[in-house]
Amino acid sequence: MQTLTDTRVDALDSEARRILRLNDRGGYTVPTDGLYPYQWNWDSAFAALGFAAFDADRAWTELETLMAGQWQNGMLPHIQFHQEDAGYFPGPGVWGTEGAPGKGAGRVASSGITQPPVAASFALRTYAKDGAAGQDRLRALFPRLMKLHRWFMDSRAESGAIAIVHPWESGRDNAPDWDSAMAAFEPEGVEPYTRRDTGHVDPRMRPTKADYDRYIWLVQFGRDTDWDDAAFAERSPFRVADPTMTFTLMRASRDLVGIARILDEPTEEIEGWIARLEAGAETLWNEKTGCYDSRNLRTGELSGCVSNASFLGWWGGLRQGQPTETLHRVLADARYAVPSFDPADPRFDSLRYWRGPVWGVMNMMVSTGLHEAGLTDEAERIRRDTVALIDQNGFAEYFDPQDGTPAGGGTFTWTAAIWLGWASPTAQER
Ligand code: GLC
């Protein structure tokens with residue numbers, strides 16, 4: 001790869017800042033105009049990582065708006081619907097969370113499911129950029145972050161690893177990880193609906209109708225049970241322990257310990273969560289594939305998937321028994337790392353969403369974890385690939401791992417954010 005000139009780096013840095021401003025809706029950032037017109041949970045936390053590189057005040061605001069949408073029971077919804085937008089399906093009416101006991105009164109309209117909990121990680125990062133000036137804002141966020149992590153441990157951690165109740169919770173919406181659990185039930189009684197996503201981007205880059213029917217069926221299940229955690233745990237056909245959730249929560253909990261120390265708060269409870277998550281992560285290890293996998297909690301089966309989430313253990317803070325060999329094989333098989341799914345697997349699809357393409361946010365977490373663990377060559381390879389993808393193809397939602405083709409939405413918030421907070425040579429200098 002060629003090294004970028006200073007002028008080129010300046011241009012990319014300034015384009016990334018422009019994208020964050022462009023997608024700023026006043027206090028919160030949309031992932032991209034059109035396709036995703038609301039505030040998404042982990043996208044927003046990543047946006048804070050990007051803002052922290054040049055405007056710490058705005059980064060805090062992003063995290064504050066995000067955490068203000070927290071439900072009374074501690075759950076942080078995957079989408080907050082700050083204003084109506086007919087261009088998106090399923091909107092607030094389909095989710096029907098208004099009046100759900102777990103939500104509580106007076107909160108912003110939202111979905112009824114969550115997403116990977118990276119907020120504490122980027123709150124700590126924002127503090128690192130802002131020093132003592134941010135201490136009050138960090139202190140105000142702390143109880144909400146504690147409540148969020150506690151909710152995960154109370155309602156999703158029965159196997160030690162963290163379970164998802166809907167594929168969208170994992171953030172890896174249509175990964176092959178969920179195929180068998182999704183095929184195990186019939187989406188009977190799904191009300192008629194019109195998709196909006198395929199009006200914004202090429203259907204070849206989006207999930208299929210069979211998947212979509214089941215996504216909506218699960219939303220209806222939640223609505224019919226009033227978004228009750230116990231109903232999901234007892235009766236939903238879909239419950240899968242997910243490495244993305246498990247390792248992001250593990251990392252965020254370590255970062256929460258860091259926050260607690262800064263604020264002089266007790267850390268025992270958080271340390272207990274970390275120990276449980278570490279034990280839980282072992283249940284996700286797949287001997288056959290030599291990496292972390294997802295496990296269907298209804299059947300006990302591992303899914304047999306090598307994905308980019310398989311390499312998040314380092315980000316989670318684990319050092320022993322990590323999937324180094326499998327990582328080396330996947331890196332050798334992909335022109336651009338890290339493919340969201342194993343290129344050697346017949347289910348690999350280079351353009352279809354989470355079944356092959358490269359995502360900058362996953363690269364940031366995998367690479368940062370590798371770097372911290374001392375695997376600097378692998379970490380640098382992933383960062384250089386990310387730089388090349390963005391330099392050659394722009395700030396797209398995701399990229400084809402074989403030829404770099406940009407896919408999904410354009411001018412994407414979290415791609416710009418990881419550029420500013422991690423991939424850019426200027427981020428490395430900072
Ligand atoms: C897609 C992604 C999800 C992301 C959302 C907004 O649904 O799968 O991870 O949060 O888009 O960017």
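Just follow the structure's listing: the first ligand is 1, and inside any ligand the first atom is 1.
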For [atom], what is the nearest protein heavy atom, given as residue, atom name and distance?
{"atom": "atom 1 (C) of ligand 1", "value": "Tyr353 OH, 2.8 Å"}
{"atom": "atom 10 (O) of ligand 1", "value": "Asp43 OD1, 2.6 Å"}
{"atom": "atom 7 (O) of ligand 1", "value": "Asp173 OD2, 2.8 Å"}

Test: [X] and [Y] ion pair at under 4.0 Å:
{"X": "Asp342", "Y": "Arg329", "value": "yes"}
{"X": "Arg355", "Y": "Asp179", "value": "yes"}
{"X": "Glu278", "Y": "Arg254", "value": "yes"}

Report, in ascending order of atom number, the atoms of ligand 1 lying under 4.0 Å from any heavy atom of [X].
{"X": "Gly171", "result": "2 (C), 3 (C), 8 (O), 9 (O)"}
{"X": "Gln115", "result": "3 (C), 4 (C), 9 (O), 10 (O)"}
{"X": "Phe412", "result": "12 (O)"}
{"X": "Trp414", "result": "4 (C), 9 (O), 10 (O)"}

- Name all pairs fulfilling the salt bridge (charged side-chain N to carboxylate O under 4.0 Å, His left out) condition that reach into residues 391-419, sequence neighbours left out, sorted by first residue then second.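 Every pair satisfying salt bridge (charged side-chain N to carboxylate O under 4.0 Å, His left out) with a residue in residues 391-419: Arg8-Asp391.
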Notebook entry, point to check: Tyr38 side chain to Tyr88 main-chain N or O, any donor-acceptor pair under 3.5 Å?
Noted result: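 Here the side-chain-to-backbone pair does not exist.
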For this session: Quickly, which of Thr32, Thr411, Ile390 forms a side chain to side chain contact (heavy atoms under 4.5 Å, CB included) with Phe395? Name it, please.
Result: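 By the side chain to side chain contact (heavy atoms under 4.5 Å, CB included) criterion, Phe395 pairs with just one of Thr32, Thr411, Ile390: Ile390.
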Looking only at distance, does Trp359 have an N or O less than 3.5 Å from an N or O of ligand 1? no
Is it the case that ligand 1 has an N or O less than 3.5 angstrom from some N or O of Trp40?
no
Exercise. For Tyr212, is the NZ or CZ atom of Arg195 found under 6.0 angstrom from the centre of its six-membered ring and inside 45 degrees of the ring axis?
Worked result: yes
